[in-house]
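So that the names make sense, note that chain A is the first sequence line, chain B the second, and so on, each numbered from 1. Since this is a predicted model, take the numbers as computed values, not measurements. Hydrogens, waters and symmetry mates play no part in the numbers below; they use all other heavy atoms, side chains included.
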2 protein chains.
Amino acid sequence: MNAPRRVRTSAAVLPADGRRQNLSLVLQTLRRLGPSSRAQLAREVGVTKVTMSDLVAELISEGRVRDAGTAAQQGPGKPATLVDLDPAGLLTVAVDLSVPARLQAAVVDITGEMLHLEVREAAVDTESGRGVDPGVVVELVRSVLATAPHPVLGIGIGTPGVVDARGSVRTAPNLGWTDVALHDLVSDATGLPVLVTNDSDAATQAELSSSPGSEDLVLVQVGRGVGCGIVSGGRRVVGAHHAAGEIGHVTVGTDVGEPCSCGRRGCLETWLSVPRLRAALDAADPDDVVTVGGRRLAVALAPLVAALDLSEVVLAGPPELLEPLVPVVADGLSERLLPSPDGPLVVRLATHPDDIVLRGAAALVLWDRLGVV
Amino acid sequence: MNAPRRVRTSAAVLPADGRRQNLSLVLQTLRRLGPSSRAQLAREVGVTKVTMSDLVAELISEGRVRDAGTAAQQGPGKPATLVDLDPAGLLTVAVDLSVPARLQAAVVDITGEMLHLEVREAAVDTESGRGVDPGVVVELVRSVLATAPHPVLGIGIGTPGVVDARGSVRTAPNLGWTDVALHDLVSDATGLPVLVTNDSDAATQAELSSSPGSEDLVLVQVGRGVGCGIVSGGRRVVGAHHAAGEIGHVTVGTDVGEPCSCGRRGCLETWLSVPRLRAALDAADPDDVVTVGGRRLAVALAPLVAALDLSEVVLAGPPELLEPLVPVVADGLSERLLPSPDGPLVVRLATHPDDIVLRGAAALVLWDRLGVV
DNA sequence: AGATTTAGTTAGTAACCTTTACTAACCGCT
DNA sequence: AGCGGTTAGTAAAGGTTACTAACTAAATCT
């Protein structure tokens, strides 16, 4: 993702690159199947038993995989000696900056378990005052890192705003940041690989990791504003300027709409946002706001779903606010799209919406460092 | 693409796979740089001179690359012996079914040169009568194939309608086809690799091949209806059901719109299509139709451009009809999107709109068989 | 008990790329 | 001329990777 990566569009493939890919495949397969024998892994990945023994031996020596006892007997033949992922060797630090007043970081293992979570509640004056001190993020990371029982693979950070290829935050109004070299700050402070991503993208990665069947989906994150992450063909879309998913300020509809903070009218965010939904919930009749917001979202998503032939639309955010939105968006989309012949479009809420950015940030590190999706 | 391909989501990478990838890289680099020395190729691809000599030798023995004389001297050192792509060993047959009344096929070489073009003008009664006989396509391919001066790599076919993973045309109303196993028909008749693709997708591949700088673009093909092809991160988007790009029947806008042949109202096709534009051109005041159609296209594209962070919108179709559309679409998009900080969105016509599907179908074969983009 | 089946290891081989060392061919300078 | 320096290309040897063939180990089936 960010810093230590090849810039070349295409590079020669050496046998060692193939080896790394195969090691990744073993880890992925173990995650999918759980404790497995070398022979089973060999069949699954498509190499011979000999090669698999060698691959597994390398992973064991690196501490990524460990012995997992003997399999219960079931049929003839020598009983299998199982191996499994070693959570101790697959730790990451994940950071969630998506709520500036409540910065979070955690040590996460390969199973998604949070070994240690820390929160910095900061009185951020987001409206007028100055923003969040990046030093707080560095301190938070250091503090969490100190609690890790084993070396970590890297640090994943999900932040609001646009993140460039070098891991700098171009603009993040909510944090009050402009051109903050977050990658370099954290990397220099820790000496570890650091991956900085947009928070919606991190959430998308989390969703992708937790439901590996879906390869074409959009995750819409509703918060202060609206952002989205897109997966097409199993890959996250990054975009020409690393700004994919920025749909909050797209004009939606052909009527005029209300004025937006960006200076134009009819942006998606003027119809749909957490503050707006929450205000409606307090008021007498929330249905109207939900219906209007949901339908506008459907209007914006329809061309996207059709053009990319997506199979899932996932909504992430406060579940109590988004839950009533689901049927509205589903209806709105089905009215605006030709029905798909191979199964209907699924509209649903995200699977663990509370720590979705944290889990996504952790998943990003695994994906970058080990190729594990 | 179609038939002879791995189904597995992920498979082990053998050293031989790396070799194939490297051979592809050599061909791609030759296409990018023109005649080159082995040493230059080695530096470019990132392997040693020794390996490059070996790779080139293999390509020469396969007839894909040929000796290209000696380089003009420029500086000290032994003058380079150049090698270049051998057009004779890189022939494909491309077929364009996008205009049912005018089926085309050609032998195309790596440079895009059409060595032999044949056309079947058929009086197709698209409205009521029965559709095009798939046998005509087979005969056309056979006829063109017979003129190829050397063995061809494969046959690429661009067809209207939705094409599934096995190369069958699910539905193509314009051709009067439902579930036509085009891949198998042509493959059985010729014994060659066959790639069947949607015509918009083929056109997109052509655009991608002719301007390799653009990695995030949408190509909108305006014909009888409207379709599009999307490239994200340098890859064509195929979609969950191989139906990406089908935007013709997305409802656009929040007003009602005119009834569409699909039974709903306000589809993009009701505002924008070649028949509609042509009729307007004949009438007194074409501006209105162009403006309305262009603006509607911008309404539909805006969420797509924002969400995917595209850098280019390319229009393909009759240039005289689409040329006035370009500024309308550009204006409509800039009104509806936040301006991109890294250079503006480019809206333009496709580079060779007449034989774009043919060139794309040829490019698809090269891409599939040799990995050459 | 012996055949069969499955897991895993050992030994040898083929493919791939690299490093090192070489020859060939050219320039520029004395 | 002749020599040093530079670049292109080839040859030989070595390391890595994954394969096949053949083995041992340990269970079930007959």
Could you go through the side chain to side chain contact (heavy atoms under 4.5 Å, CB included) check for A:V26 and A:L23 one step at a time?
-> CA-CA 5 Å; A:V26 176; A:L23 289 168; 5.5 Å; no
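- Axis angle between the ends of the helix from C:dA1-D:dT30 to C:dT30-D:dA1, five pairs each and rounded to 10 degrees, works out to 10°.
- Each of A:V47 and A:G75 lies near DNA chain D, and the nucleotide nearest A:V47 is the one positioned closer to the 5' end.
- B:T51 comes within 4.0 angstrom of a nucleotide base, judged by non-hydrogen atoms across all strands.
- A:S37 comes within 4.0 angstrom of the backbone, heavy atoms only, and of no base.
- Between B:D54 atom CG and D:dT10 atom P the separation is 10 Å, expressed in whole Å.
- Taking atom CD on A:E44 and atom P on C:dA7, their separation rounds to 13 Å, with Å as the unit.
- Closest contact between the side chain of B:P79 and the listed nucleotides C:dA25, C:dG8, C:dT18 involves C:dA25.
- If A:P15 and A:Q40 are placed on DNA chain C by their nearest nucleotide, the residue sitting closer to the 5' end is A:Q40.
- Proximity note for A:R38 (side chain, C-beta onward) versus D:dA26, C:dT9, C:dC26: the nearest is C:dT9.
- Residue B:L55 contributes atom CG, which lies 15 Å from atom P of C:dA15 at whole-angstrom precision.
- Looking only at distances, a side-chain donor or acceptor of B:S210 sits under 3.5 Å from a matching main-chain atom of B:A206.
- In summary, the side chains of B:S214 and B:E312 do present a donor paired with an acceptor at a separation below 3.5 Å, with no hydrogens or angles considered.
- Here the side chain of A:D368 pairs no donor or acceptor atom with the backbone of A:V365 at under 3.5 angstrom.
- Between B:K49 atom NZ and C:dT20 atom P the separation is 13 Å, expressed in whole Å.
- Considering only side-chain N and O atoms, A:T48 lies under 4.0 angstrom from the phosphate OP1 or OP2 of D:dC19.
- Residue contacts shown for B:N22 are limited to sugar-phosphate atoms, with no base heavy atom under 4.0 Å away.
- Side chains of B:R38 and B:T81: a donor on one and an acceptor on the other come within 3.5 Å.
- Rounding to whole angstrom units, CD of residue B:E58 and C1' of D:dT10 are separated by 17 Å.
- In this structure, A:R43 reaches the C:dA7 phosphate: one of its side-chain N or O atoms is under 4.0 Å from OP1 or OP2.
- A:R19 has a side-chain polar atom (N or O) that falls below the 4.0 Å cut-off from OP1 or OP2 of D:dA18.
- Minimum atom distance to the side chain of B:V50 is reached by C:dT20, of the listed D:dT28, C:dG8, C:dT20.
- No hydrogens or angles considered: nothing links the side chains of A:D164 and A:H242 as a donor-acceptor pair under 3.5 Å.
- Residues B:R19 and A:V13 have side chains not in contact (no heavy-atom distance under 4.5 Å, counting atoms from C-beta outward).
- What separates CE of A:M52 from C1' of C:dT6 is a distance of 17 Å, to the nearest Å.
- Regarding A:L25, its CG atom lies at a distance of 11 Å from the P atom of D:dA18, rounded to whole Å.
- Picking from D:dC19, C:dC17, D:dT17 the nucleotide with the shortest atom distance to the side chain of A:A16 gives D:dT17.
- Not counting sequence neighbours, the partners of B:R64 by the salt bridge (Lys or Arg N to Asp or Glu O under 4.0 Å) test are B:E62.
- C:dA15 atom C1' lies 12 Å from atom CG of B:D17, rounded to whole Å.
- Residue side chain A:K78 does not reach the base of C:dG8 through any donor-acceptor N/O pair under 3.5 Å, judged by distance alone.
- Between A:S53 and C:dG8 there is no side-chain polar atom (N or O) within less than 4.0 angstrom of OP1 or OP2.
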